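Below: the structure, in C-alpha cells.
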Amino acid sequence: MEEPATQDFVREWVKADTESKKFGGRVQTRFPPEPNGYLHIGHAKSIYLNFGVAEEFGGKCLLRFDDTNPETEDPAFVTAIQEDLSWLGVSSAEPARFASDYFPQLYAWAEDLVRKGLAYVDDQDAETISEQRGGFGQPGIESPFRGRPVEENLGLFRQMRDSAFADGAKVLRAKIDMQADNMWLRDPVLYRIRRTPHHRTDNQWVIYPTYDWAHGQSDAIEGVTHSICTLEFADHRALYDWLLSQIDLPGDRPQQNEFARLNVTHWVLSKRVLRALVEDGHVDGWDDPRMPTLRGLRRRGYPPSAIKAFVDRVGVAKSNSVVEVELLESFVRTELNRSSLRRMAVVKPLKLTITNWPEGQVELMEVVNNPEDPDAGTRQVPFSGELWIEQDDFRLEPPPKYYRLTPGREVRLRNAFFVTATDAVTDDDGNVVEVLATYDPETLGGSAPDGRKVKSTMHWVSAGHALDATVHQYSRLFTEPHPGADGTDPLSSVNPNARETNPAKVEPALAEVAPGQVVQFERLGYFAADLDSPMVFHRTVGLRDEWAKIQKRKKNQPK
RNA sequence: UCCCAGGUAGUUCAGCGGUAGAACGCCAGACUUUGAAUCUGGUAGUCGUUGGUUCGAUUCCAACCCUGGGAGCCA
C-alpha cells in the first residue's frame with residue numbers, strides 16, 4: 001500500500017521528526033473537542049487530519065475531551081461527539097480520554113511550579129488583572145501579589161483547592177514576563193475558582209485549570225508528539241512551550257503547530273452563529289439538514305466518504321481561506337453517483353393522460369437500478385395511461401432551447417414509450433392542470449423502429465400506483481457567499497427560503513428505502529430518506545442542471 | 001500602536017533559483033433511454049508592490065502595502 005497522502009506542512013513536519021527519530025520515530029496526535037456543542041464540518045477537517053496523520057505514520061490518535069470548564073459542558077455532548085466521530089468512520093483502539101482525568105496530576109505540577117517560584121496566587125479580580133496586562137505595544141505592569149513568598153503561595157493555593165475562597169476571589173498565575181510582546185506570556189492565569197459541579201468530577205474540585213494549563217500538560221501525559229490545533233492558538237505556542245519546559249515530564253515533550261480552520265461559502269462555522277440559528281428558529285435544530293453540523297449533514301445524506309475526500313482535497317495550510325461549497329457538493333455527487341439506486345419521483349405533479357392507452361391496462365417495466373453498478377440489478381415499475389409528470393416538464397408556450405414536452409412535440413418517458421402531447425387542459429386562471437398525449441406502442445423500451453429521435457427523456461410515476469411522499473429541497477442557508485464579511489451580522493443573510501417542501505408522488509419501490517439511505521430521483525438529484533419519518537425525503541444535492549444554467553444565464557444577461 | 005501568520009488562475013492548494021501546475025468552476029465537442037454520468041479538448045494568473053543579489057527570482061534578501069489572528073479567570 002503506497003501512501004501518496006497529499007503533502008502539506010503538517011505532514012512534512014511530522015515526517016522530518018520521524019526521520020530524525022525525534023521521538024524515537026513515534027507519532028501521536030489527538031482530537032481535543034470541548035464537550036459544549038455539536039461537531040460541524042470544520043471539525044471533520046481536524047478529525048481527518050489528526051487521525052489521518054497518525055495512521056499514515058503508524059502512530060495513534062486519541063480522542064480527548066478538553067473538559068476544563070464545567071459551566072458550559074454537558075455529558076450529552078460527549079455522547080453526541082462520539083457518535084459523530086464513529087459516523088465519520090474514525091475510531092481509536094483506545095477509549096476516549098478526558099482532561100478532567102488529569103486534574104490530580106495537573107494540580108501536583110502546579111504546586112511544583114509554585115515551589116519553583118514560577119507561579120503565584122493573585123488576589124485581584126479579573127478586571128484589574130486585565131487592565132494590568134497592558135495593551136499591544138504597551139507593557140503590562142506587575143501585580144502587587146507577584147512577589148509573594150513561595151510558602152505563602154503554596155498555602156494559599158492549597159486553600160483555594162480546599163474551597164476556602166469564593167469564586168473569583170483568587171487565581172493562580174504563572175510568573176513569566178509582564179513586558180512580553182506576546183500577551184499570553186504576561187503572567188497568564190492557570191487556575192480559577194468555580195464552585196460548579198463538573199460533569200465527571202462532580203464537586204471534587206472547586207478550582208479548574210485553564211485551557212493553557214491543561215492542554216499541553218494533557219498532551220504530555222498521553223504521550224502526544226504532535227499537537228495540531230487551529231491558527232488562533234498560534235500565540236499560545238510560546239506559553240505551551242514555556243509551561244512544558246518548567247515541569248518534570250513523564251516522557252517526550254510534545255510540540256504544537258497550527259493550521260487554518262475550514263470555512264465554506266454560504267455557511268458559517270461558528271458555535272455562536274450556529275446556536276443562534278437554532279435558538280432563533282431559523283432551523284429546526286442542530287440536526288436540521290440545512291445545518292453544517294455533522295448531524296445535519298448526516299440527515300441530509302452527505303456520505304462521510306465524500307466529506308473525507310473533500311477535506312483531503314482542500315488540504316492543510318496556514319492561510320485563512322474559504323472553500324466553495326460547490327467543491328464539497330462535487331465530491332458528494334461523485335460518491336452518490338456511484339453508490340445510489342435510481343428511482344423515479346415527481347416533486348411537482350402534473351397529470352398526463354395517454355388518450356390512446358387501453359383502458360385500465362397496467363404494464364410492468366423492467367428498470368435498471370443503477371447504470372453505474374450492474375450488480376444493483378433491476379426492478380419492476382408499473383406503467384399506465386394515467387401518469388404524474390413534473391410540472392416543469394411541460395410548457396404550453398416553450399421558451400427557446402426548451403427540449404421537453406410541449407403541444408405537438410414527442411418526448412421519451414424514461415424506461416417506457418415515446419409520447420406526443422396533443423392538448424392541455426387549463427383552469428380558469430390559465431394554469432395547465434392536465435396534459436393529454438398519445439403514445440406509440442412501437443417505442444416500448446425507448447427507441448423507435450424507424451430510428452426517429454427525441455430531444456428529451458422525462459421521468460414519470462403511474463398515478464394509480466404512486467405513493468405520497470414529502471420532499472424537502474434545500475438551497476443555500478445563507479444567501480451571501482461570505483456571510484458577515486462586510487461587518488454585518490451573518491444572521492442578516494440567512495435565507496428564509498432555504499427549504500422548499502412539496503407533496504410528491506413517488507414510485508412504489510420507494511416504500512422499501514431504509515432510513516438514512518440515499519437514492520437518486522432521476523433527473524432531480526440525490527435524496528436521503530429521513531432518519532425518523534417514513535416517506536420523507538431530503539434533497540442531499542441536485543444533479544448538475546444544464547437547463548437551469550441556461551435559464552440563469554438568460555436572466556443575468558442585460559437586455 | 002506591538003507580536004504572530006499569510007498574500008501564486010474565480011476558489012482551494014502545488015511549485016521554492018531556469019519566467020507556472022492540479023482539482024473544482026467556467027466554455028466547447030463526443031457519446032448517451034437522466035439537459036445526469038462518462039470521455040476529450042479549451043479558457044484562465046503583470047506569482048501583493050518596489051528595490052536588491054544573480055547570467056537568470058514566483059522562488060533568496062530588504063522595505064513597504066494588504067488580509068487574518070492576538071490584550072477571557074472561554075476553548
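Residue numbers start from 1 in every chain, and the chains themselves are labelled A, B, ... in the order their sequence lines are given, proteins ahead of strands. The structure presented is a predicted model; accordingly, all values stated were derived computationally and were not measured.
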Q. Got a donor-acceptor pair under 3.5 Å from the side chain of A:Glu324 to the base of B:G10?
A. yes
I need the [atom1]-[atom2] distance between [X] and [N], as an integer number of Å.
X: A:Glu372; N: B:C39; atom1: CD; atom2: C1'; result: 13 Å
X: A:His482; N: B:U11; atom1: NE2; atom2: P; result: 8 Å
X: A:Met458; N: B:G35; atom1: CE; atom2: P; result: 10 Å

Among [options], find the nucleotide with the atom closest to the side chain of [X].
X: A:Ala317; options: B:A14, B:C74, B:U12; result: B:A14
X: A:Phe136; options: B:U1, B:A75, B:G72; result: B:U1
X: A:Asn337; options: B:U12, B:A37, B:U34; result: B:A37

Look at [X] and [N] and indicate whether a side-chain polar atom (N or O) is within less than 4.0 Å of OP1 or OP2.
X: A:Ser330; N: B:G25; value: no
X: A:Ser319; N: B:A5; value: no
X: A:Arg523; N: B:G35; value: yes
X: A:Ser321; N: B:C13; value: yes
X: A:Arg261; N: B:A75; value: no
X: A:Arg133; N: B:C73; value: yes
X: A:Lys549; N: B:C26; value: yes
X: A:Thr210; N: B:G72; value: no
X: A:Arg194; N: B:C74; value: yes
X: A:Arg544; N: B:A37; value: yes

So [X], base contact, sugar-phosphate only, or nothing? Heavy-atom distance under 4.0 Å.
X: A:Tyr402; answer: base
X: A:Arg342; answer: base
X: A:His236; answer: base

Q. Which base sits across from B:A63 as a Watson-Crick or G-U pair, both distances under 3.5 Å?
A. B:U49
Q.
By a 5.5 angstrom centroid cut-off and a 30 degree plane limit, is there stacking between A:Trp184 and B:G70?
A. no
Q. Ring-on-base stacking between A:Tyr211 and B:A75, under 5.5 Å between centres and under 30° between planes: is it there?
A. no
Q) Pick one for B:G7: is it syn, with its angle within 90° of 0, or anti? A) anti
If the [atom1] atom of [N] is compared with that of [M], how far apart are they to the nearest Å?
N: B:G45; M: B:C4; atom1: C1'; answer: 29 Å
N: B:G56; M: B:C64; atom1: P; answer: 26 Å
N: B:U53; M: B:U46; atom1: P; answer: 27 Å
N: B:U8; M: B:U58; atom1: P; answer: 15 Å

Q.
Would you say A:Thr265 and A:Glu324 are linked by a side-chain donor-acceptor pair, where the criterion is simply a distance under 3.5 Å?
A. no
Q.
Centre-to-centre under 6.0 Å for A:Tyr208 and A:Tyr191, is that the case here?
A. no
Q: Check the pair A:Phe521 / A:Phe537 against ring-ring contact (aromatic ring centres under 6.0 Å, His included), numbers first and verdict last.
A: CA-CA 10 Å; A:Phe521 289 172; A:Phe537 297 90; 5.4 Å; yes
